[in-house]
Colleague: 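First the structure, then my questions, so here it is.
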2 protein chains.
Amino acid sequence: MKSLKTNKATESEMEILRVLWERGPSTVREVHELLLKNKASGYTTTLKLMQIMLEKGLLTRNTTNRTHVYACAVKQVFFQKQLVGKIIDGMFKGSPAQLIMHALGNHRASRDELIEIKKYLDNIVRQDDVKGKANPKK
Amino acid sequence: MKSLKTNKATESEMEILRVLWERGPSTVREVHELLLKNKASGYTTTLKLMQIMLEKGLLTRNTTNRTHVYACAVKQVFFQKQLVGKIIDGMFKGSPAQLIMHALGNHRASRDELIEIKKYLDNIVRQDDVKGKANPKK
DNA sequence: ACTTAATTACGAATACTTTCGTAGCACTAA
DNA sequence: TTAGTGCTACGAAAGTATTCGTAATTAAGT
């Protein structure tokens, strides 16, 4: 019996997922056109990949029309979490702070974004104050 | 002529790099023992991988002793940058803020770390104020 | 000297990913 | 009906990555 686990996507599969996350349900042709902007490849290549992804459970499709419409079967959030976790564990030795400074160092955020992040941080710290009460230092 | 570019490491190669970044220069045996904690594999598999990495320029080695000692030839920072960039572009649509919230959401930082991050943010914002002067909103 | 154990070098098998050619079907227009 | 176009299905080639077996070499112990 084949496994068909949903937990992993290859590099090429990721590209397709990204297109579908952004566009929503799409035909192979539509996905293919977009992929072409980054890299030349044949139409049947994209088709085959999407068929494989269907088997793996990464995609679903609607076959009522002759031209099938594919959609993501997996939440982007799931992959984001997985990725971030992998990176923090693997590259930043469990230190989110380091990751964040890298992220900000290389991809300058807009002012609004920075403010948003600050708010978020304030919230977390405040929560800690309430919950952790007298927990001055580790 | 072979290319032997330094710019990419496969998944397995990454694991080896991580061991070497952490331990510093090590023998194949030492690396192998550590890898075993995560995944069964033969000694010569690790050996072969490290030899390939040597060819690619990812590692260097000292062969004065019979038991060779390998070391990373590439900076961890380089890979961190690369990775973070890839993730921000690919998964977070160029929004560092989102990435950061994910990072903090799933890997709770210590209080000290949070404070450190806040300081860092304050700095950035202050710099923007100076440079951007009357730049209230985009 | 001989045996044993640890090590390197390397070819080759296996496994996984990506790519594409070809066949067949459905729809449309002439 | 026939030709043309666009689609799916699918096998299989080509490209990469991973795994391991075997031979040769060295070091150490007996």
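Naming convention: chains lettered A, B, ... in sequence-line order (proteins, then strands); numbering from 1 in each chain. All values reported here derive from a predicted model rather than from experimental measurement.
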Colleague: What is the separation between atom NE2 on H68(B) and atom P on dT8(C), rounded to the nearest whole Å?
Modeller: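 Roughly 6 Å, once rounded to whole Å.
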
Colleague: When you measure from the side-chain N and O atoms of S12(A) to the phosphate of dT18(C), is any distance below 4.0 Å, counting only OP1 and OP2?
Modeller: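 S12(A) to dT18(C) OP1/OP2: side-chain N or O found under 4.0 Å.
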
Colleague: Would you give a per-nucleotide map of nucleotides 25-30 of chain D, 5' to 3', where B means the base has a protein non-hydrogen atom under 4.0 Å away, S means only the sugar-phosphate does, and - means neither?
Modeller: BBS---

Colleague: Figure out the CD1/C1' separation between I52(A) and dT17(C), and round it to whole Å.
Modeller: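 Nearest whole value for this atom pair: 8 Å.
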
Colleague: Nearest whole Å is fine: how far is dA6(C) P from N65(B) CG?
Modeller: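 Spelled out: CG on N65(B) to P on dA6(C) is 17 Å.
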
Colleague: With a 3.5 Å cut-off and sequence neighbours excluded, list the donor-acceptor pairs that the side chains of residues 63-70 of chain A form with protein atoms.
Modeller:
residue	atom	partner	partner atom	Å
T64(A)	OG1	N62(A)	OD1	2.7
H68(A)	ND1	R61(A)	NH1	3.3
Y70(A)	OH	R61(A)	NH1	2.9

Colleague: Treat each ILVMFWY residue as a node, draw an edge where side-chain heavy atoms are under 4.5 Å apart, and state whether I115(B) and L104(A) are in one component.
Modeller: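 No; tracing contacts between hydrophobic side chains, which count when under 4.5 Å, never links both residues.
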
Colleague: I need the CG-P distance between N62(A) and dC7(D), as an integer number of Å.
Modeller: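 After rounding, the reported distance stands at 16 Å.
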
Colleague: Round to the nearest Å and state the distance from E11(A) atom CD to dC16(C) atom P.
Modeller: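 Between P of dC16(C) and CD of E11(A): 18 Å.
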
Colleague: Excluding sequence neighbours, so at least two apart, what forms side chain to side chain donor-acceptor pair (under 3.5 Å) with R29(B)?
Modeller: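 Partners of R29(B) by the side chain to side chain donor-acceptor pair (under 3.5 Å) criterion come out as none, since no residue qualifies.
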
Colleague: How many Å lie between CD on E55(A) and C1' on dA9(D), as a whole number?
Modeller: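 To the nearest whole Å, that distance equals 11 Å.
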
Colleague: Identify, with sequence neighbours excluded, every residue that meets salt bridge (charged side-chain N to carboxylate O under 4.0 Å, His left out) alongside E116(B).
Modeller: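 For E116(B), no residue satisfies salt bridge (charged side-chain N to carboxylate O under 4.0 Å, His left out) once neighbours in sequence are set aside.
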
Colleague: Could you tell me whether the side chain of L99(A) reaches within less than 4.5 Å of the side chain of Q80(B), counting heavy atoms only?
Modeller: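 Not touching, per the 4.5 Å side-chain cut-off.
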
Colleague: Using only side-chain N and O atoms of T67(B), determine if any of them is under 4.0 Å from OP1 or OP2 of dA6(C).
Modeller: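 So the side-chain polar atoms of T67(B) never come under 4.0 Å of the phosphate oxygens OP1 or OP2 of dA6(C).
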
Colleague: Ignoring hydrogens and angles, write down the donor-acceptor pairs under 3.5 Å from the side chains of residues 36-54 of chain A, residues two or more places apart or on other chains.
Modeller:
residue	atom	partner	partner atom	Å
T46(A)	OG1	H32(A)	ND1	2.7

Colleague: List the residues meeting side chain to side chain donor-acceptor pair (under 3.5 Å) with S95(B), not counting sequence neighbours, and say none if there are none.
Modeller: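 With neighbours one apart ignored, the set is E113(A).
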
Colleague: Just to verify, what does D122(B) make a salt bridge (charged side-chain N to carboxylate O under 4.0 Å, His left out) with, not counting sequence neighbours?
Modeller: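 If we apply the salt bridge (charged side-chain N to carboxylate O under 4.0 Å, His left out) test to D122(B), skipping adjacent residues, the hits are K118(A).
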
Colleague: In whole Å, what is the span from the CE atom of M50(B) to the P atom of dA17(D)?
Modeller: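 Interatomic distance, CE of M50(B) to P of dA17(D): 18 Å.
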
Colleague: With a 4.0 Å heavy-atom cut-off, tell me which residues in residues 21-49 of chain B come close to DNA chain D, sorted by residue number.
Modeller: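 The answer is K39(B), S41(B), G42(B), T44(B), T45(B), K48(B).
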
Colleague: Using a cut-off of 4.0 Å on non-hydrogen atoms, how would the nucleic acid contact of E13(B) be classed: base, sugar-phosphate, or nothing?
Modeller: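 Touches nothing.
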
Colleague: Compare side-chain N and O positions of R61(B) against OP1 and OP2 of dT7(C) and report whether any pair is under 4.0 Å apart.
Modeller: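 Negative; the distance criterion is not met.
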
Colleague: Round to a whole Å and report the spacing from NZ of K8(A) to P of dA15(C).
Modeller: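 Atom NZ in K8(A) sits about 16 Å away from atom P in dA15(C).
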
Colleague: Can you list every pair that meets ring-ring contact (aromatic ring centres under 6.0 Å, His included) and has a residue in residues 82-101 of chain A, with sequence neighbours left out?
Modeller: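 Every ring-ring contact (aromatic ring centres under 6.0 Å, His included) pair that includes a residue of residues 82-101 of chain A, provided the two are not neighbours, is F92(A)-H102(A).
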
